[in-house]
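So you know, we letter chains A, B, ... as the sequences are listed, proteins then strands, and number each from 1.
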Amino acid sequence: MRRAGRDSHVRHCIVTECLRSCGYRSISSPRSTAIFATIVSSEYLGSSSMSTVQRNEQELIKIEKLHELRSLGINPYPVSYDRSHHTVEIINTFRDDEPDAMSAVRVAGRIMAIRKMGKASFCHIQDVTGRIQIYLKKDDLGEAYDLLRLYDIGDIVGVEGYVFRTRMGEISVHAREFTMLTKSVTVIPVGKEEVAEDGTVTRYDAIADKEQRYRKRYLDLIANPDIKETFVKRSQIIRTIRNFFDERGWIEVETPILQPIYGGATARPFVTHHNALDVELYLRIADELYLKRLIVGGFEGVYEISKNFRNEGMDKAHNPEFTALEIYVAYKDYIWMMEMVEDLFNTIAVSACGAATIAFQGTDISFAKPFAKKKMFDLFQEYACLNLRGQSREQLLASAKSIHVDVDPSASAMKILDEIFSVKVQPHLIQPTFVMDYPVEMSPLAKAHPREEGLVERFELFIMGKEVANAFSELNDPLDQRARLEEQATIRAAGDDEAMVVDEDFLHAIEVGLPPTAGLGVGIDRLVMLLTNNDSIRDVLFFPQMRPERHKHEGE
RNA sequence: GAUCCCGUAGCUCAGCUGGUAGAGCAUUUGACUUUUAAUCAAAGGGCCUUGGGUUCGAGUCCCAACGGGAUCACCA
């Protein structure tokens, strides 16, 4: 009989909920499920924007509990809660010989586990710092204890009580009062967890499905709270970078994301449209050209940490939007920049990881100064036993073939060099290594090397075989710069849509006069991956780009 | 864009050579006043991603689509 009563009440809730969502205030008595079926299947409902959320049994029960709380005069969504301690503060500072120091604490968090034992119950609540156990006893709580039946895993509660240690040795809060702060009406995927004596946590049945973790990061953060560490570190890394630059007097600036001409890198852009101006605009692919204009204008050190957008493939190293750091400092060159990068990366590693040596996927990486410095063509000699300096395209093609590196026979000299480098050299660059002095054709914005014909003053920093930073002595010879961009335009006209576009205003700025300047770009996401031991960019972005889900019945 | 693997209850996963779906956790009901992956007993809960096909019969075999993962190509 109890069952039947409950069922009818659940149905009542379904109907009530459904009607509410249609704009009706309330209904007075339980109806049959036939009404529900009629309502949800009726044409005007299905084709309008009104809610027809399908709820499973567990959700309906939670909604029923929500209504019951309200009918008891309890607001399931109060405005605030006066918390006295975070859970970790209690666990770290509680002393068995001085329990009075914590005789009245107020904690708040999400219920992650409930163990009911009749007239006493235990639960664990989780806040941003961790978890603590709550002990609830009927003798102490009286009638309020019975309200516990309206509380579920996933609800957010406040608890007032005193701290003690249980017979099993766990520091817990003995509740004198507990308050619903947020009633959750959906089921969250929380697995049980077991904490071993050495502190290692084994989590059972926590969400493993990567798709759900990336699409519904809030659930991932609740169920796998340790991933918060990655994002806290990310924040720490960016803060360290800002502090480092600010201390040196360089200023953080903001430049346009919507650009009429895109430039500063070789990449395909996203295109958008401005209605009032009726023009195409591009989402920036790099900050470079705007930041250099600011150096022309008289700033002597500018930097920007912001999103770039590239309309290219996605994989575990590429997201369509990513965070880049660029910095330009007047009167400096790329040699100076190398030392600055050593200092910067060393400082970041120490502040984010506590040491200059970090572990990444089983390899120790040392950010101790100085980093290795190698000239690009010396590396070809070292790892491919080839002197490629000054070779023609045909010679390079033959060289590639001689060491079994597959390249498209129609590839440009630069592509061939790049391919040999990535196959033969890059995998060896595990510890931080500066690769210096690139061919001019690869670097249309870098200053010609004063002594090495055909090379520019440029370096890239490689770690774990991946490029992490790119820098050069900026090209400030206006005639040379124009010639290089026009060369790019020719390549572009020949069909390479990644080649750069001529930006006349940028060229004009260089004609006005750019002082000798060193510039640097760093991929922040990849740096964060290294320092947080993640091998997928999706694990260092809260909301990685995902293909939109199409609804199952769309179009029916 | 190419290839391979995956998609079953709220979660984690079984489901053999085709015969109308199973477990643990979670939920509900009951027992239990220091438990801890609590336990015990009972119950409810599935558009088996979608759409075709083969078949008397498809979660299972075939094709396609959608979504995810991995590898490759391009890029940071």
Side-chain angles (χ1 to χ4, degrees), chain A residues 2-3 6-7 10 54-62 64-65 113-124 131 133-141 145 149 152-154 164-170 172 174 186-196 201-215 219 223 265-268 285-286 308-325 406 408 415 418-419 422 460 466-470 497-498 521-527 529 536-538 546-556:
Chain A
R2 183 84 190 243
R3 177 82 237 166
R6 176 169 290 279
D7 284 347
V10 168
Q54 297 215 343
R55 301 199 180 275
N56 64 34
E57 186 199 17
Q58 290 188 47
E59 290 170 331
L60 292 172
I61 290 165
K62 285 165 183 281
E64 181 192 6
K65 288 176 176 175
I114 302 182
R115 292 181 292 280
K116 293 186 179 175
M117 312 188 39
K119 297 187 178 64
S121 295
F122 294 86
C123 62
H124 273 97
R131 288 185 179 199
Q133 180 169 258
I134 308 295
Y135 177 55
L136 305 113
K137 195 165 142 185
K138 189 174 170 78
D139 288 349
D140 298 328
L141 294 161
Y145 184 80
R149 73 193 162 81
D152 293 301
I153 288 171
F164 74 113
R165 190 184 288 274
T166 65
R167 210 173 279 167
M168 300 300 289
E170 181 165 347
S172 309
H174 189 129
T186 192
V187 186
I188 59 169
V190 173
K192 297 196 173 185
E193 64 179 40
E194 185 176 15
V195 184
V201 176
T202 310
R203 208 163 275 131
Y204 298 87
D205 302 340
I207 43 173
D209 178 17
K210 293 224 170 186
E211 181 172 359
Q212 192 175 2
R213 295 184 60 182
Y214 296 145
R215 286 189 196 277
L219 290 180
T266 54
R268 274 184 282 269
I285 57 171
N308 287 350
F309 306 84
R310 298 194 184 175
N311 205 342
E312 286 162 352
M314 299 161 53
D315 57 37
K316 67 180 181 177
H318 298 86
N319 196 64
E321 58 181 286
F322 63 100
T323 301
L325 156 69
D406 274 342
D408 179 349
K415 289 245 189 269
D418 211 28
E419 186 61 23
S422 60
E460 291 190 312
K466 303 250 167 60
E467 184 201 333
V468 187
N470 180 19
D497 60 354
E498 286 186 359
V522 178
I524 295 294
D525 307 289
R526 289 184 179 177
L527 179 61
M529 284 163 65
S536 171
I537 195 169
R538 294 192 178 119
M546 300 290 278
R547 204 178 291 268
E549 283 179 296
R550 276 208 263 162
H551 251 277
K552 288 173 184 172
H553 295 292
E554 197 172 82
E556 278 185 11

Atom C1', compared across B:G45 and B:A2: separation rounded to whole Å: 42 Å

Spacing of the C1' atoms in B:U8 and B:A23 (rounded, Å): 13 Å

Atom pair distance, as rounded to whole Å: CG in A:Leu219 and P in B:A26: 18 Å

A:Glu64 CD to B:U27 P, straight-line distance once rounded to whole Å: 15 Å

Test item: A:Gln133 and A:Met168 side chains (from C-beta on) under 4.5 Å apart, heavy atoms: no

Any donor-acceptor pair under 3.5 Å from A:Asn308 side chain to A:Phe322 backbone: no

Spacing between A:Arg149 atom CZ and B:U27 atom C1', to the nearest angstrom: 16 Å

Side-chain touch A:Arg149/A:Lys65, heavy atoms, less than 4.5 angstrom: no

Any A:Lys316 side-chain nitrogen or oxygen under 4.0 Å from OP1 or OP2 of B:U71: yes

Between protein and nucleotides 12-14 of chain B, what N or O pairs are separated by less than 3.5 Å?
from: B:U12; atom 1: OP1; to: A:Ala208; atom 2: N; distance (Å): 3.2

Sugar-phosphate only, base, or nothing, as touched by A:Gln58 at under 4.0 Å among non-hydrogen atoms: base

Distance below 4.0 Å between A:Arg547 side-chain N/O and B:G68 OP1 or OP2: yes

P-based separation of B:U39 from B:C4 [nearest Å]: 44 Å

P gap between B:C25 and B:A41, integer Å: 10 Å

A:Tyr214 side chain vs A:Asp209 backbone, donor-acceptor pair below 3.5 Å: no

side-chain N/O A:Lys65 vs B:U28 OP1/OP2, d < 4.0 Å: yes

Sugar-phosphate, base or nothing in reach of A:Asp418, heavy atoms under 4.0 Å: nothing

A:Asn319: side-chain contact (heavy atoms from CB on, under 4.5 Å) partners, not counting sequence neighbours: A:Glu321, A:Ile537, A:Leu541, A:Pro544, A:Gln545

Partners meeting salt bridge (charged side-chain N to carboxylate O under 4.0 Å, His left out) with A:Lys415 (sequence neighbours left out): none

Qualifying residues under side-chain contact (heavy atoms from CB on, under 4.5 Å), relative to A:Glu312, sequence neighbours excluded: A:Ala267, A:Arg268, A:Arg310, A:Glu498

Presence of A:Arg215 side-chain N/O under 4.0 Å of B:G68 phosphate oxygens OP1/OP2: yes

Whole angstrom value for the distance that separates P of B:A26 from NZ of A:Lys62: 13 Å

Nearest listed nucleotide, side chain of A:Arg538, among B:A73, B:G69, B:U28: B:G69

P spacing across the pair B:G59 / B:G52, given as an integer number of angstrom: 14 Å

Residue met sooner reading RNA chain B from 5', once A:Met546 and A:Glu312 are mapped to nucleotides: A:Met546

A:Arg131 side chain reached by A:Glu193 side chain, heavy atoms, under 4.5 Å: yes

Distance, rounded to the nearest Å, where A:Glu211 contributes CD and B:A70 contributes C1': 15 Å

For A:Tyr135, all residues meeting ring-ring contact (aromatic ring centres under 6.0 Å, His included), sequence neighbours excluded: A:Phe122, A:Phe164, A:His174

Rounded distance in Å between the C1' positions of B:C40 and B:G24: 16 Å

5'-to-3' dot-bracket of RNA chain B (Watson-Crick, G-U; under 3.5 angstrom; crossing pairs as [ ]; | other strand): (((((((..((((.....[..)))).(((((.......))))).....(((((..]....))))))))))))....

Salt bridge (charged side-chain N to carboxylate O under 4.0 Å, His left out) partners for A:Glu211, two or more places apart: A:Arg215

side-chain contact (heavy atoms from CB on, under 4.5 Å) involving A:Lys316 - partner list, sequence neighbours excluded: A:Asp535, A:Ser536

Non-neighbouring partners of A:Lys137 that pass side-chain hydrogen bond (donor to acceptor under 3.5 Å, both in side chains), sequence neighbours left out: none

Atom-pair distance (CZ on A:Arg268; P on B:G1), nearest Å: 13 Å

Nearest-nucleotide pick for A:Glu194, side chain only, options being B:A37, B:C74, B:G68: B:A37

Presence of A:Lys192 side-chain N/O under 4.0 Å of B:A38 phosphate oxygens OP1/OP2: yes

Sugar-phosphate only, base, or nothing, as touched by A:Lys466 at under 4.0 Å among non-hydrogen atoms: nothing

Test salt bridge (charged side-chain N to carboxylate O under 4.0 Å, His left out) applied to A:Arg538 - qualifying residues, sequence neighbours left out: none

If you restrict it to nitrogen or oxygen atoms, what contacts under 3.5 Å exist between nucleotides 33-36 of chain B and the protein, and what is each distance?
from: B:U33; atom 1: N3; to: A:Asp139; atom 2: OD1; distance (Å): 3.2
from: B:U33; atom 1: N3; to: A:Asp139; atom 2: OD2; distance (Å): 2.7
from: B:U33; atom 1: O4; to: A:Asp139; atom 2: OD1; distance (Å): 2.1
from: B:U33; atom 1: O4; to: A:Asp139; atom 2: OD2; distance (Å): 2.8
from: B:U34; atom 1: O2'; to: A:Arg167; atom 2: NE; distance (Å): 3.2
from: B:U34; atom 1: O2'; to: A:Arg167; atom 2: NH1; distance (Å): 3.4
from: B:U34; atom 1: O2; to: A:Arg167; atom 2: N; distance (Å): 3.1
from: B:U35; atom 1: O2; to: A:Arg115; atom 2: NE; distance (Å): 2.9
from: B:U35; atom 1: O2; to: A:Arg115; atom 2: NH2; distance (Å): 3.3
from: B:U35; atom 1: N3; to: A:Gln133; atom 2: OE1; distance (Å): 2.9
from: B:U35; atom 1: N3; to: A:Gln133; atom 2: NE2; distance (Å): 3.1
from: B:U35; atom 1: O4; to: A:Gln133; atom 2: NE2; distance (Å): 2.5
from: B:U35; atom 1: O4; to: A:Thr166; atom 2: OG1; distance (Å): 2.9
from: B:U36; atom 1: O2; to: A:Glu170; atom 2: OE1; distance (Å): 2.9
from: B:U36; atom 1: N3; to: A:Glu170; atom 2: OE1; distance (Å): 2.8
from: B:U36; atom 1: O4; to: A:Thr166; atom 2: OG1; distance (Å): 3.3

Contacts of type side-chain contact (heavy atoms from CB on, under 4.5 Å), residue A:Asn470, not counting sequence neighbours: A:Arg458, A:Glu460, A:Glu467, A:Phe472

C1' gap between B:G68 and B:U50, integer Å: 15 Å

P gap between B:A43 and B:C16, integer Å: 26 Å

Separation of B:A2 P from A:Asp315 CG (nearest whole Å): 16 Å

